[in-house]
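Right, one structure below, let's go through it.
Computed over heavy atoms, backbone and side chain alike; hydrogens, waters and symmetry mates excluded.
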Amino acid sequence: MMLLSRTAEDLYWLGRNVERAEAVSRLVGEHTNLLVDLPVDVDSNWGALLAVTGSEATFTERYTGIGEAEVVTFLMADVGNPGSVLRSISSARESLRIVRPLVPRSAWECMNRLHLDALDDTALCAQRRHRSPVTERVMASCQQFSGILGGTMSRDHAYRFWQLGCLLERADMTTRVLDVGAGTLMASSTPSGH
């Protein structure tokens, strides 16, 4: 089966955007869980999440302080942030709409539910008590969507372009996490130990 370049591009971006929505939700959720376990006097570094996502410049254009509510809103619900969860899900849905004949109906229904839930729920993440349920629902829905495609699509060019987008986004996020983590470790290490 031959694919039009536009179709291949939409499948690729579908994979990247779903993977990005899941990864950013995981970052926000895990960083929040880390705060629960830390002593009260330890300062939380919400700026590290901006470094991991590579969005410091976009954030500083739109917000004045790097507080918890601002960073979480920016990463989860700000449609002006191309890497936010809400924007990633909306972009994935648009890509899926274009390639809809190539995917099962259940994938379209799953993405629509995820999109509608994200529209309603991501703005609630600024408050900690709502954050964990929202991030967990986003991650579960992204995994369900990927499972539907992985379990039902033929292993043809369409599947490969979708998978390429997923895996490239996963590799990109992994290297960003490692880069920020290594930078933090290098900054805190003693010169005599190295």
Side-chain angles (χ1 to χ4, degrees), residues 1-29 49-59 61-62 73-123 125 134-135 137-180:
M1 173 174 109
M2 296 290 291
L3 284 179
L4 296 173
S5 62
R6 174 72 180 156
T7 303
E9 181 180 3
D10 282 316
L11 286 162
Y12 168 81
W13 283 108
L14 171 65
R16 283 205 75 160
N17 283 312
V18 170
E19 188 70 28
R20 182 176 299 139
E22 182 182 346
V24 172
S25 292
R26 187 176 315 283
L27 279 173
V28 170
L49 297 183
L50 298 174
V52 169
T53 58
S55 56
E56 299 104 325
T58 307
F59 180 84
E61 290 171 3
R62 301 177 59 81
T73 299
F74 177 74
L75 292 175
M76 293 297 293
D78 190 340
V79 293
N81 171 14
S84 75
V85 170
L86 182 57
R87 177 96 175 258
S88 296
I89 291 169
S90 295
S91 297
R93 183 178 179 268
E94 182 59 23
S95 294
L96 183 61
R97 185 187 63 76
I98 294 167
V99 299
R100 192 170 172 187
L102 299 174
V103 298
R105 181 178 176 177
S106 57
W108 174 251
E109 291 168 356
C110 178
M111 181 56 69
N112 264 339
R113 270 192 314 275
L114 173 58
H115 183 254
L116 292 173
D117 289 347
L119 286 172
D120 292 338
D121 295 344
T122 53
C125 286
V134 172
T135 56
R137 275 196 306 275
V138 169
M139 289 185 297
S141 294
C142 289
Q143 291 167 356
Q144 179 185 14
F145 176 80
S146 296
I148 291 169
L149 292 187
T152 59
M153 285 182 75
S154 298
R155 300 309 193 248
D156 56 6
H157 294 302
Y159 175 82
R160 289 187 185 101
F161 275 102
W162 165 72
Q163 192 176 44
L164 178 66
C166 287
L167 296 176
L168 191 59
E169 183 65 31
R170 190 174 299 165
D172 182 47
M173 186 61 75
T174 301
T175 57
R176 287 173 182 271
V177 169
L178 291 173
D179 184 42
V180 170

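Between Met111 and Ala92 the shortest heavy-atom distance is CE-CB, 4.0 Å. Closest non-hydrogen pair, Val177 versus Val52, comes out as CG2-CG1, 3.7 Å. Contact record, Thr175 with Asp172: OG1-O, 2.8 Å, taken as the closest heavy-atom pair.
Side-chain contact between Pro104 and Leu149: present, with at least one pair of heavy atoms (C-beta onward) separated by less than 4.5 Å. Contact of the Ser146 side chain with the Trp162 side chain is registered, since non-hydrogen atoms from C-beta on lie closer than 4.5 Å. Contact of the Thr7 side chain with the Ile98 side chain is not registered, since no non-hydrogen atoms from C-beta on lie closer than 4.5 Å. Under the 4.5 Å side-chain criterion, counting only non-hydrogen atoms from C-beta, Ser84 is not in contact with Phe74. Considering only heavy atoms from C-beta on, Arg26 stays 4.5 Å or farther from Thr135 through its side chain. Glu94 places none of its side-chain heavy atoms less than 4.5 Å from the side chain of Trp13. For the pair Thr58 and Arg62, the minimum side-chain heavy-atom distance is below 4.5 Å. Annotation: side chain of Ser141 is not in contact with side chain of Arg113 (no heavy-atom distance under 4.5 Å).
Here OG1 of Thr174 is found 12.5 Å from CG of Asp179. Values are rounded to the nearest 0.5 Å. Separating the NE2 atom in His115 from the SG atom in Cys110 is a distance of 13.5 Å, to the nearest 0.5 Å. Put simply, CD on Glu169 and CG on Asn17 are 7.5 Å apart, with the number rounded to the nearest 0.5 Å.
Between the side chains of Arg87 and Asn81, no donor-acceptor pair is found at a separation under 3.5 Å.
Asp121 and Arg137 are joined by a salt bridge, as a carboxylate oxygen and a charged side-chain nitrogen come within less than 4.0 angstrom of each other. One finds a salt bridge joining Asp10 and Arg6 here, because a Lys/Arg side-chain nitrogen approaches an Asp/Glu carboxylate oxygen to under 4.0 Å. We find that Arg16 and Glu19 are not joined by a salt bridge, their nearest charged nitrogen and carboxylate oxygen being 4.0 Å or further apart.
Applying the side chain to side chain contact (heavy atoms under 4.5 Å, CB included) criterion to Cys142, with sequence neighbours excluded, gives Val18, Ala21, Glu22, Leu114, Val138.
Judged by distance alone, with hydrogens and angles left aside, the side-chain atoms of Thr122 form no donor-acceptor pair with the main-chain N or O of Leu119 at under 3.5 Å.
A 6.0 Å sphere centred on OH of Tyr12 holds more than 12 heavy atoms belonging to other residues, nucleotides or ligands. Within a 6.0 Å radius of CZ in Arg105, other residues, nucleotides and ligands contribute 12 heavy atoms or fewer.
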